[in-house]
Amino acid sequence: MSTNITNQDRINTVTVGRLAPDFRALSTHGYINLSDYRGSWVVLFSHPAAFSPVSTTEIIMGSYYYPEYLKRNVQIIALTTDNNFANLAWVYDVFNKTGITIPFPVISDNDKEISNLYGMVNADRTYEESVRDAFLIDPEGKIAAIVTMPHTNGRNAVELLRIIDALQVTKNYNYHTPAAWQPGDPVLAPPVHTYEDLINRVDSAAELGYECPFWYVCYKNMAAETETEAIINQNPNLNAQNQNC
């Protein structure tokens, strides 16, 4: 099988786990640098243009849930491919019609430099169907998740918050989250990678507070996390198993 993908294309591809490309851009809050947000989580979500119906509902919903993002140490940055005057007129129109002040910056990517840098532009240059990605970036500046939607359907701020909650569980506690996970639900122990770890996992499951319907699927009640931390801190072997999985 032959493809037209070059090694440079692979190098330039923005994917989960890679550092988010830095940029400086004019926004409705003045010039901003992505690197200035290091130490916080960032949701960079994009729109093909200001004044589009779907995007308007998204920035309103994002504003409504903005305090919930701040509670999680998350900053929001929106982006359109319109100029800054259009973005200013857009957020002002939202304020006039709804009384809602958009609390986060809206970047002007009029030359589509950032959109191309992040791989958001349709290869066929169908702009109205492009620039519909949300990049979730961790405090170290790495891309933790990417959510892409068509221009016809809006993102759900509540779902983005759920994803952030899951990502923070993984980053803070080294646990994974199962399908349809919600905060407060049991989490998953990360998979083992050696036979020795497998045996230790099976033998230590009860001590670690794991419920394992399969040896490779072990649930953990996060409410008992403090107790587990005390146990594994007293047992170097268990601590090594939990961190290295």
Side-chain angles (χ1 to χ4, degrees), residues 16 20 22-23 25-47 49-80 82 84 86-109 114 118 131-149 153-173 175 177 180-185 187 222-223 225-226:
V16 169
D22 196 15
F23 57 79
L26 180 60
S27 78
T28 52
H29 288 191
Y31 280 97
I32 63 171
N33 301 294
L34 179 64
S35 55
D36 291 341
Y37 291 82
R38 289 288 177 90
S40 299
W41 292 78
V42 173
V43 174
L44 172 64
F45 69 107
S46 56
H47 311 275
F51 293 100
S52 66
V54 171
S55 296
T56 300
T57 64
E58 287 185 349
I59 64 168
I60 289 174
M61 190 177 192
S63 300
Y64 180 82
Y65 283 98
Y66 187 65
E68 291 298 320
Y69 284 96
L70 294 183
K71 288 179 185 177
R72 294 161 170 79
N73 188 31
V74 179
Q75 296 294 325
I76 297 177
I77 304 173
L79 174 151
T80 80
D82 271 322
N84 198 50
N87 289 341
L88 287 169
W90 184 32
V91 299
Y92 185 57
D93 192 50
V94 169
F95 172 74
N96 282 333
K97 299 292 172 52
T98 68
I100 296 172
T101 298
I102 305 302
F104 45 82
V106 180
I107 288 173
S108 168
D109 187 31
I114 299 172
Y118 277 74
V131 197
R132 284 289 295 144
D133 300 277
F135 296 88
L136 281 61
I137 303 169
D138 74 13
E140 285 73 49
K142 291 183 178 180
I143 296 173
I146 304 172
V147 179
T148 303
M149 297 290 292
N153 305 99
R155 285 174 284 242
N156 188 329
V158 176
E159 172 61 7
L160 290 178
L161 286 168
R162 188 194 72 86
I163 295 172
I164 290 166
D165 286 336
L167 293 171
Q168 292 184 348
V169 163
T170 299
K171 192 166 189 66
N172 294 334
Y173 297 98
Y175 285 113
T177 54
W181 178 87
Q182 295 289 338
D185 290 350
V187 294
M222 285 294 294
E225 180 60 30
T226 302

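Nearest heavy-atom pair, R132 versus V54, reported as atom, atom and distance to 0.1 Å: NH2-CG1, 3.9 Å. Residue I146 comes nearest to T148 through the heavy atom pair CG2-OG1, 4.0 Å, listed as atom of the first residue, atom of the second, then distance. Across D82 and A50, no two heavy atoms sit closer than the pair OD2-N, 2.7 Å. Across H47 and S55, no two heavy atoms sit closer than the pair ND1-OG, 2.9 Å. The two residues E159 and R162 make their nearest non-hydrogen contact at OE1-NE, 2.9 Å. Shortest non-hydrogen contact noted between R72 and D165 is NE-OD1, 2.6 Å.
Listed by chain and number, the residues in a side chain to side chain contact (heavy atoms under 4.5 Å, CB included) with A20 are L34, Y118, I137, I143 (sequence neighbours excluded). Legend: residues meeting side chain to side chain contact (heavy atoms under 4.5 Å, CB included) with K171, ordered by chain and number and at least two apart, are W41, D138, P139, E140.
Using modelled atom types, no side-chain atom of S46 and backbone atom of L79 make a donor-acceptor pair closer than 3.5 Å. Under a 3.5 Å cut-off, the side chain of T170 and the backbone N or O of Y175 do form a donor-acceptor pair. Although no hydrogens or angles enter the test, the distance criterion places no donor-acceptor pair under 3.5 Å between the side chain of N87 and the main chain of P105. N172 places a side-chain N or O within donor-acceptor distance of the main-chain N or O of Q168, the cut-off being under 3.5 Å.
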Apply side chain to side chain contact (heavy atoms under 4.5 Å, CB included) to V74 and E68, showing your working.
-> CA-CA 9 Å; V74 179; E68 291 298 320; over 6 Å; no
Tell me, with the steps shown, if Q75 and L70 meet side chain to side chain contact (heavy atoms under 4.5 Å, CB included).
-> CA-CA 7 Å; Q75 296 294 325; L70 294 183; 3.7 Å; yes
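Under the 4.5 Å side-chain criterion, counting only non-hydrogen atoms from C-beta, Y69 is in contact with L160. Considering only heavy atoms from C-beta on, D109 stays 4.5 Å or farther from F23 through its side chain. Contact annotation: the side chain of W90 approaches that of T56 to within less than 4.5 Å [non-hydrogen atoms, C-beta and beyond]. Here the side chains of L161 and Y65 are in contact, with some heavy-atom distance below 4.5 Å.
Between K71 atom NZ and I164 atom CD1 the span is 14.0 Å, to the nearest 0.5 Å. Rounding to the nearest 0.5 angstrom, the gap separating the OG1 atom in T57 from the CE atom in M61 is 8.5 Å. Distance check: I76 CD1 to Y37 OH gives 10.5 Å after rounding to the nearest 0.5 Å. Summarising the geometry, atom CZ belonging to R155 is positioned 4.0 Å from atom CD belonging to E58; distances are rounded to the nearest 0.5 Å.
Classification of the F45-F104 ring pair by plane angle, with boundaries at 30° and 60°, yields perpendicular.
With T28 as reference, L88 is the one residue of T80, L88, I102, I107 to meet the side-chain contact (heavy atoms from CB on, under 4.5 Å) rule.
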